[in-house]
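I have placed the structure first, in the form of structure tokens, so that the comments after it can refer back to it.
Letters A, B, ... mirror the listed sequences (proteins, then strands); counts begin at 1.
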Protein chains: 2
Amino acid sequence: MAQLLQPETGTTDPRILRSRRMLMDALAILLIKKEFEDISVQEIADEATLNRATFYLHYPDKNALLQAMTGVRFRDLIERRAITFTDCHGALRSIALGVCDYLAESTGCPTQLARMPPQISIIPVVEDMFKEGLALHGTAPGVDAALMATTAAWAVFGAARRWFQTPNRIPAEEMAAKIEIMVSPVLFGASQ
Amino acid sequence: MAQLLQPETGTTDPRILRSRRMLMDALAILLIKKEFEDISVQEIADEATLNRATFYLHYPDKNALLQAMTGVRFRDLIERRAITFTDCHGALRSIALGVCDYLAESTGCPTQLARMPPQISIIPVVEDMFKEGLALHGTAPGVDAALMATTAAWAVFGAARRWFQTPNRIPAEEMAAKIEIMVSPVLFGASQ
DNA sequence: TTTATGAATCGACAGATGTTTATTACTAAT
DNA sequence: ATTAGTAATAAACATCTGTCGATTCATAAA
């Protein structure tokens with residue numbers, strides 16, 4: 001406990017990269033069959049054909065692994081769509097759509113609020129994207145761009161999560177449009 | 001596992017209420033001394049002078065207890081301030097201030113995103129308050145009041161959480177004002 | 001007051017967690 | 001090719017988890 005996770009990057013040793021990739025893949029496979037809470041570290045290690053002690057060499061617990069995996073996969077999904085920041089509102093809608101899609105295809109769908117470390121780990125990723133966009137946009141001085149990015153990221157996630165939990169969902173594209181309308185004032189000001 | 005938490009209300013048996021209160025108090029006391037993750041169910045039961053099996057009679061795990069405790073305490077804090085919904089913007093600022101204060105005086109301050117079931121459990125409470133306020137306000141037809149409430153609640157929480165994690169914080173009142181400016185368009189529309 | 005209900009206790013259980021120590025095996029240098 | 005560094009393995013550990021069955025005790029009713 002209280003042990004820090006070594007950064008996902010900064011390593012060239014192929015053994016480390018291989019182990020982490022195998023652990024993430026193993027978790028992804030297990031999540032298809034059963035709930036995250038019902039998966040033990042032993043099972044993950046077995047599925048990855050690694051020793052259990054090796055797991056703890058890389059992640060302090062299974063939550064850390066899940067968070068790392070979620071971050072990697074969401075970044076992949078976003079990068080695959082190659083969002084451009086030429087149009088700010090379009091970028092916001094694209095990101096919102098990405099979050100909706102990610103939640104929809106995300107393995108494991110916890111109804112309980114307490115059990116959502118998996119999904120929630122995409123918030124910092126979204127936050128970084130907003131910050132990057134605001135930097136290009138060139139915000140007025142005095143307004144806290146980082147704060148706006150944080151607030152918008154949480155707002156988008158909360159809205160997308162609600163959509164995801166709704167039984168008869170509207171299409172993700174439609175939801176993304178709604179999110180854009182609600183959240184754009186947070187990022188771009190009440191005007192416009 | 002997969003066992004549902006019996007609702008916090010709906011019981012009149014004084015034994016049940018007493019046990020749950022003692023468990024919450026015990027957890028609150030232990031959280032002063034150590035991290036949530038380092039507290040075992042046995043310790044909680046000991047501090048509450050209850051048997052460990054009694055704990056599992058009321059909560060499926062310690063996360064559920066923490067969430068219940070958080071909800072109760074936040075509601076208390078808000079009710080103590082007796083927020084009126086006569087002025088919508090004022091109500092939003094008051095709620096934002098309540099969330100900031102709650103986080104600040106909240107026991108346990110997890111830096112890790114994965115470890116925040118404790119604090120996050122106030123989001124549904126805030127959401128309900130927004131919904132109640134919007135119902136009084138009388139929203140235009142076609143707009144989804146519940147969705148706006150959810151989005152705003154997550155936005156407020158995310159902003160307040162960021163403020164709470166900042167080393168040299170500005171006063172909570174000042175932060176609440178910033179939050180109001182950012183989030184009010186989500187609830188009341190971009191106009192105004 | 002007696003009684004039926006069910007809350008609380010106790011002991012025990014298999015399995016999981018996170019850590020440690022010692023050993024082996026691989027990698028990236030010289 | 002040798003070697004220093006370190007990742008991976010293995011076995012063992014104390015502790016924690018969630019559950020169970022049997023028993024005792026408190027409460028609200030008759």
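There is a side-chain donor-acceptor pair under 3.5 Å between B:D46 and B:Q42.
Taking A:V125 as the reference, A:F74, A:R75 meet the side chain to side chain contact (heavy atoms under 4.5 Å, CB included) condition, with sequence neighbours excluded. With sequence neighbours excluded, the residues satisfying salt bridge (Lys or Arg N to Asp or Glu O under 4.0 Å) with A:E180 are A:R93. For A:R73, there are no salt bridge (Lys or Arg N to Asp or Glu O under 4.0 Å) partners two or more places apart in sequence or in a different chain. Listed by chain and residue number, A:R169 satisfy the side chain to side chain contact (heavy atoms under 4.5 Å, CB included) test with A:T166 (two or more places apart in sequence, or in another chain).
Atom P of nucleotide C:dG15 and atom CG of A:D38 are separated by 15 Å, given to the nearest angstrom. Remark: P of C:dA16 and CD of A:E37 are 14 Å apart, rounded to the nearest angstrom. Per the geometry, OH belonging to A:Y59 stands 11 Å off P belonging to D:dA8, to the nearest Å. Atom P of nucleotide D:dA12 and atom OH of A:Y56 are separated by 18 Å, given to the nearest angstrom. Between the CE atom of A:M22 and the P atom of D:dA8 there is a distance of 11 Å, rounded to whole Å. Between A:N63 atom CG and C:dT17 atom P there is a gap of 11 Å when expressed in whole angstrom units.
Near DNA chain D, defined here as any heavy-atom distance below 4.0 Å, the residues from residues 40-47 of chain B are B:S40, B:V41, listed numerically.
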Inset, instruction - Sugar-phosphate means primed atoms, P, OP1 and OP2; the rest is base. With that split, encode nucleotides 1-13 of chain C 5' to 3' as B, S or - using protein heavy atoms under 4.0 Å. - result: -----BSBBB-B-
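Of the possible donor and acceptor atoms, one in the side chain of A:K62 sits under 3.5 Å from a partner among the backbone N and O of A:F36.
Interatomic distance, B:I39 CD1 to B:I29 CD1, rounded to the nearest 0.5 Å: 11.0 Å.
Note: the hydrophobic cluster containing A:I181 does not contain A:M175 (ILVMFWY, side chain heavy atoms under 4.5 Å, direct or indirect links).
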